[in-house]
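The structure appears right after this line, and notes come after that.
Just so it is clear, the model here is predicted, and its values are computed rather than measured. Residue numbers start from 1 in every chain, and the chains themselves are labelled A, B, ... in the order their sequence lines are given, proteins ahead of strands.
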Protein chains: 2
Amino acid sequence: MDVFEAVAEPNRRHLLGLLAERDRTAGELVDSLPTLTQPAVSRHLRVLREVGLVEVHPDGQRRIYALKPDGLQQIDTWITPYRRYWRNHLDALEQHLEDR
Amino acid sequence: MDVFEAVAEPNRRHLLGLLAERDRTAGELVDSLPTLTQPAVSRHLRVLREVGLVEVHPDGQRRIYALKPDGLQQIDTWITPYRRYWRNHLDALEQHLEDR
DNA sequence: CACCTATATACACTTGCGCTTATATACGCC
DNA sequence: GGCGTATATAAGCGCAAGTGTATATAGGTG
């Protein structure tokens with residue numbers, strides 16, 4: 001599983017979003033996805049760990065998850081060449097609006 | 001299938017890359033992925049069409065595929081808040097290097 | 001019209017993902 | 001040590017993704 005696949009899953013994006021705000025325990029993250037069971041969330045966290053998007057620090061019996069978003073650079077780097085395309089499109093739209 | 005899943009597949013990223021250079025016929029794209037059969041590539045192109053990342057223009061019996069990367073903005077928008085994190089990390093690294 | 005080329009679809013198969021239930025592990029507290 | 005809480009792993013299942021072979025569609029050419 002690579003970073004692209006990891007991020008393709010909506011629940012995992014949700015988890016990353018929460019961790020972007022602040023560190024959270026596994027329990028908090030489980031509570032944040034009421035439609036999923038605890039093991040399901042645990043598996044998503046494992047995937048995020050394995051691709052290096054989060055890290056864990058044990059704190060007693062809790063596990064504190066933290067964002068480690070460096071891996072997202074890979075996606076950012078990939079998307080970069082395409083950015084100019086929709087910038088051009090946007091320019092064309094702005095041009096059109098200006099012309100009126 | 002959404003944009004994130006569409007882009008999670010390496011062969012589809014490969015196709016997008018080629019289309020970023022220039023428009024191509026379906027046949028050219030099939031030739032660009034020698035490990036896949038023609039129908040397999042055709043299905044990937046269908047997926048990219050359905051999520052709006054490419055568009056097709058018939059030209060006789062050929063079909064000319066063109067990039068329509070606006071949908072990638074969705075990914076770009078999503079990734080934006082995370083960018084500051086690895087920027088900070090980078091800053092920290094630079095700081096460390098400067099300190100030495 | 002008959003035949004060829006270019007591309008898409010149908011069908012069947014395999015594999016891996018995401019899920020749930022059940023269980024293990026590990027720490028905290030009495 | 002015994003029990004409760006927090007988290008991870010195991011086993012099993014359904015389903016959708018990706019693929020190949022075979023076939024359909026449609027346009028080009030003689």
Side-chain angles (χ1 to χ4, degrees), chain A residues 1-19 22-68 71 74-75 78, chain B residues 1-19 22-68 71 74-75 78:
Chain A
M1 171 101 51
D2 67 1
V3 180
F4 285 90
E5 292 176 33
V7 152
E9 217 286 326
N11 293 312
R12 287 196 287 262
R13 287 202 300 280
H14 174 82
L15 294 172
L16 291 177
L18 291 178
L19 293 175
R22 54 179 163 84
D23 298 356
R24 315 238 181 190
T25 65
E28 288 178 286
L29 296 171
V30 168
D31 294 344
S32 78
L33 285 168
T35 66
L36 295 189
T37 57
Q38 177 267 320
V41 177
S42 187
R43 271 196 86 82
H44 282 308
L45 290 172
R46 181 214 256 256
V47 170
L48 293 175
R49 240 185 299 139
E50 284 173 352
V51 302
L53 286 175
V54 304
E55 59 188 357
V56 203
H57 300 291
D59 173 39
Q61 53 184 340
R62 317 277 172 89
R63 305 257 178 147
I64 300 190
Y65 279 81
L67 193 63
K68 211 180 106 186
Q74 193 180 333
I75 298 179
W78 172 79
Chain B
M1 170 103 49
D2 67 0
V3 181
F4 285 91
E5 292 176 33
V7 153
E9 216 287 324
N11 292 311
R12 288 197 287 263
R13 288 202 299 279
H14 174 83
L15 294 172
L16 290 176
L18 291 177
L19 293 175
R22 55 180 162 84
D23 297 356
R24 316 243 180 185
T25 66
E28 288 179 286
L29 296 171
V30 169
D31 294 344
S32 79
L33 285 168
T35 65
L36 294 188
T37 57
Q38 177 266 321
V41 178
S42 188
R43 272 195 83 85
H44 282 307
L45 290 172
R46 181 215 256 256
V47 170
L48 293 175
R49 240 185 299 137
E50 286 174 351
V51 302
L53 287 175
V54 305
E55 59 188 357
V56 202
H57 301 290
D59 174 39
Q61 54 185 341
R62 316 278 173 89
R63 304 257 180 146
I64 300 190
Y65 279 82
L67 193 63
K68 210 179 107 187
Q74 195 180 331
I75 297 179
W78 172 78

Do B:Leu16 and A:Trp78 come within less than 4.5 Å of each other through their side chains, counting heavy atoms only? yes
Just so I know, are the side chains of B:Val7 and B:Arg13 near enough to count as touching, which here means a heavy-atom distance under 4.5 Å? yes
What's the [atom1]-[atom2] distance between [X] and [N], to the nearest Å?
X       : N      : atom1 : atom2 : value
A:Glu28 : D:dT7  : CD    : P     : 9 Å
B:Arg62 : C:dC4  : CZ    : P     : 18 Å
B:Leu45 : D:dG18 : CG    : C1'   : 14 Å
B:Leu33 : D:dG18 : CG    : P     : 13 Å
A:Leu48 : C:dG18 : CG    : C1'   : 14 Å

From C-beta outward on [X], which listed nucleotide comes closest to its side chain: [options]?
X       : options                : value
A:Gln61 : C:dG28, D:dT21, D:dT9  : C:dG28
A:Met1  : D:dT7, C:dG18, D:dA17  : C:dG18
A:Glu9  : C:dT21, C:dC19, D:dG28 : C:dC19
B:Pro39 : D:dT21, C:dT7, D:dT9   : D:dT21
A:Asn11 : C:dT9, C:dC19, C:dG18  : C:dC19
A:Thr25 : C:dT7, C:dG18, D:dT7   : D:dT7
A:Ser42 : D:dT9, D:dA6, D:dT19   : D:dT9
B:Leu36 : D:dT9, D:dG18, D:dT19  : D:dT19

What are the two closest non-hydrogen atoms of A:Asp23 and A:Leu67, and how far apart are they? OD1-N, 4.5 Å
Nearest atoms (heavy-atom pairs only) where B:Tyr65 meets B:Leu19: O-CD2, 3.5 Å
By nearest heavy atom, map A:His44 and A:Gly60 onto DNA chain C; which one lands nearer the 5' end? A:His44
Between A:Val41 and A:Arg63, which residue's closest nucleotide on DNA chain C lies nearer the 5′ terminus? A:Val41
Residue whose closest nucleotide on DNA chain D lies nearer the 5' end, B:Gln38 versus B:Arg43: B:Arg43
Is B:Tyr65 close enough to C:dA6 that one of its side-chain N or O atoms is under 4.0 Å from OP1 or OP2 there? no
Got more than 12 heavy atoms from elsewhere within 6.0 Å of CZ, A:Arg49? yes
Give A:Ala40 one of three labels, base, sugar-phosphate or nothing, depending on what nucleic acid heavy atoms sit under 4.0 Å from its own. base
